[in-house]
Asks: 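Next up is a structure, given as structure tokens.
All residue numbers refer to positions in the sequence shown, counting from 1.
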Amino acid sequence: MVEKRFLTLADVGEVLNISSSQTYALVRSGELPAIQVGGRGQWRVESAKLEEYIAGAYRKAAEARAALPQDEAADV
């Protein structure tokens, strides 16, 4: 099966298990890069950009855990 290069915001929301408004907020803030295509300006997110976003989220989570005192880190 061929993987799609671009995903709709609904597709992105499904992958991240978040609502459409949360997905749109990520795009609107620039946290998740996206482009507008077509006459109606539909948003699309490149699959590679979504994977970069996810990898970055894992890095941020690891940094946050590393910054916790040891006794709090064990509870996470």
Asks: Calculate, to the nearest 0.5 Å, the distance between atoms OG1 and CG belonging to T23 and L7 respectively.
Replies: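 The OG1 atom of T23 sits 11.0 Å away from the CG atom of L7.
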
Asks: Are Y58 and L68 connected in a single hydrophobic cluster, I mean Ile/Leu/Val/Met/Phe/Trp/Tyr linked by side-chain heavy atoms less than 4.5 Å apart?
Replies: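 Hydrophobic grouping puts L68 apart from Y58.
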
Asks: Quick check against the 3.5 Å criterion: does S47 have a side-chain atom that pairs as donor or acceptor with the backbone of K4?
Replies: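 Yes; judged by distance alone, with no hydrogens or angles, the pair exists.
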
Asks: Return the CG to CG distance between L50 and D11, rounded to the nearest 0.5 Å.
Replies: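 If we round to the nearest 0.5 Å, L50:CG and D11:CG are 10.0 Å apart.
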
Asks: Looking only at heavy atoms, which two atoms of E31 and P33 are closest? And how far apart?
Replies: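 So the two residues come closest at O-CD, 3.7 Å.
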
Asks: If the threshold is 4.0 Å, N to carboxylate O, is there a salt bridge linking K49 and E52?
Replies: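 Looking at K49 and E52, the cut-off is met.
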
Asks: Output, in order, the C-alpha distance, side-chain angles, deciding distance and verdict of side-chain contact (heavy atoms from CB on, under 4.5 Å) for L16 and Y53.
Replies: CA-CA 10 Å; L16 297 176; Y53 172 79; 4.1 Å; yes

Asks: Looking at side-chain heavy atoms only, is the closest gap between F6 and I35 below 4.5 Å?
Replies: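 Yes, close enough: below the 4.5 Å cut-off.
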
Asks: Counting only heavy atoms not in E14, do more than 12 sit closer than 6.0 Å to its CD atom?
Replies: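 At most 12 heavy atoms, drawn from other residues, nucleotides or ligands, come within 6.0 Å of this atom.
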
Asks: Considering the options T8, V27, V37, which one meets the side-chain contact (heavy atoms from CB on, under 4.5 Å) requirement together with W43?
Replies: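 Running side-chain contact (heavy atoms from CB on, under 4.5 Å) over T8, V27, V37 with W43 returns exactly one hit, V27.
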
Asks: Would you compute the distance between atom CD of E51 and atom CD1 of I54 and round it to the nearest 0.5 angstrom?
Replies: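 Here the interatomic distance stands at 4.5 Å.
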
